[in-house]
Engineer: 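Sending over a structure as structure tokens; questions will come in a sec.
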Protein chains: 2
Amino acid sequence: MSTAPEGYDPHAFVPFAVTVDLAVFTVREGRLHVLLVERGEAPYRGRWALPGGFVLPRESAEEAARRELAEETGLTRNSVCALHLEQLRTYSDPDRDPRMRVVSVAYAALVPDLPEPRGGGDAARAQWWEAGGTEPLAFDHDRILADAYDRIGARLEYSCLATAFCPAEFTLGELQQVYETVWGVELDRPNFRRKVLTTPGFVQAVDGPPRRTGGRGKPAALYRAGAATALHPPLLRPEGRPEGRTS
Amino acid sequence: MSTAPEGYDPHAFVPFAVTVDLAVFTVREGRLHVLLVERGEAPYRGRWALPGGFVLPRESAEEAARRELAEETGLTRNSVCALHLEQLRTYSDPDRDPRMRVVSVAYAALVPDLPEPRGGGDAARAQWWEAGGTEPLAFDHDRILADAYDRIGARLEYSCLATAFCPAEFTLGELQQVYETVWGVELDRPNFRRKVLTTPGFVQAVDGPPRRTGGRGKPAALYRAGAATALHPPLLRPEGRPEGRTS
DNA sequence: TCTTTAATAGTCACTCTGACTATAAAGAAG
DNA sequence: CTTCTTTATAGTCAGAGTGACTATTAAAGA
């Protein structure tokens, strides 16, 4: 605990390195993508990994995560503040890093549009990868990524954060595609619409003319994210699978 | 990240102490209780705190949590393995411990009956406290405990782990009281019964005669925990408050 | 103009739930 | 040994929410 044992010796504890790992998701062309960086050093040289880095002496893990997020995505610190960032869980297996004892706090981030990644400070290359098609990652990042998928999918059921994947103004069709992409299922359009519109605070209509997408059909009305964060009653996935692993 | 920066210097990172903090809950006489220990040393000497301790060099955070749980409750290592232990989240504010930089992984544990606590190795005293009536705790443990409440309440909605608070064999009335105690509401008995019994795998009937509680009314049938871990559809709280904070 | 595409409107049956009422089986009170 | 009280269990009924559909509207493309 934070509460060190009673008669504790300041040197009784082993020094750990504490890092953050980020699973940064976006929806791109109707498919879920995750941001990975290529490792330029041993171990796992040449393998892809989740972006991340050390927690600095005077910052919290969340601050470290936002700092790394800004570095990897090339966004300004301010715009990173608006992004949805959520602590996933902490990975602490003694052998998860062959070099030393590293405990890592994992975060999931949802970003709306698709800012082309620019290689962050210390990463060789950064690139969006389609979810599911990622080769084996470095360290225990396959596990972290799998946990992140589960969590995001479950969060869509009980929260309104699907809008975090959308730009400031979006159509209900775009919002529906977020659900379909993350869950990998097709949803009935009128039913989805009814659910979203009857949930107070999920979305709020933008007045003004509907946007013409330049695409085919009837132009869709535009909405913004509403004030609600929780979704009640939940919007459950078809085929009723609950929350990935029950952990 | 586990992935240390590329050109990393083994001495570039600050050493952190890593600890675990435990929110151990039980239901006792129809009220929710949490296990606290009294601090015998500065800082926060004499204040109550969540039990916990350092993560040892060769163990994971979860192993450390189970070890501490065994120490504090006096249970054997084996019986501790059967308890429900769930990682909550990690607290990493730079100033959360005045002595040094300590990052703490918080866990919630649910224990069934009420084994009288015996002071663990390094803790002055250990005692069950009724939830809600705890004076200000040491460090940021008030916050951790509040998060733990929220999480447990929300988990009851979507999982079958209410049985973790019950002994091996229990009546539906006892199971209902777990919900009522944790949520602080009253539930309709026939409706609760219907919900539990129609959810496959939530509970399984114990054959043999119903137990006579020695109490008044008609003796109730006994059940064991079923194989299911997730609860679908969920059993939502009345008054529809979702999941505490949305994090 | 006709076809295609997508958004929006509306219907209907089924499930689940909340609020009840009723019955059964025990102990307690008289 | 009734009668009352208490608790478990059975069953009913209406309303909310949802899944599966059909219909209509408004745009682009042939």
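None of these values were measured; they are calculated from a predicted model. Letters A, B, ... mirror the listed sequences (proteins, then strands); counts begin at 1.
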Engineer: Using the ring pair (Phe, Tyr, Trp, His ring centres under 6.0 Å) criterion, which residues pair with A:F170? Sequence neighbours excluded.
Structural biologist: none
Engineer: When you check every protein heavy atom under 4.0 Å of nucleotides 8-17 of chain D, what one-letter string (B, S, -) results, 5' to 3'?
Structural biologist: BBBBB-----
Engineer: Nearest-Å distance, CG (A:L231) to C1' (D:dT18)?
Structural biologist: 14 Å
Engineer: Between atom CZ in B:R216 and atom P in C:dA25, what is the gap in whole Å?
Structural biologist: 19 Å
Engineer: B:H232 has an atom NE2; how far is it from atom C1' of C:dT17, in whole Å?
Structural biologist: 17 Å
Engineer: Hey, is A:R47 close enough to A:E38 for a salt bridge, meaning N to O under 4.0 Å?
Structural biologist: no
Engineer: Tell me, please, which residues at least two apart from B:Y223 pass ring pair (Phe, Tyr, Trp, His ring centres under 6.0 Å).
Structural biologist: none
Engineer: Over how many whole Å does the gap from B:F192 atom CZ to C:dG18 atom P extend?
Structural biologist: 12 Å
Engineer: List the residues meeting side-chain hydrogen bond (donor to acceptor under 3.5 Å, both in side chains) with A:R224, not counting sequence neighbours, and say none if there are none.
Structural biologist: A:E169
Engineer: May I have the distance from A:E186 (atom CD) to C:dA6 (atom P), rounded to whole angstrom?
Structural biologist: 12 Å
Engineer: Could you tell me which residues satisfy side chain to side chain contact (heavy atoms under 4.5 Å, CB included) with B:A109, sequence neighbours excluded, listed by chain and number?
Structural biologist: B:V24, B:L69, B:L85
Engineer: Holding to side-chain hydrogen bond (donor to acceptor under 3.5 Å, both in side chains), I want the full list of residues that pass it with B:D188, two or more places apart in sequence or in another chain.
Structural biologist: B:N191
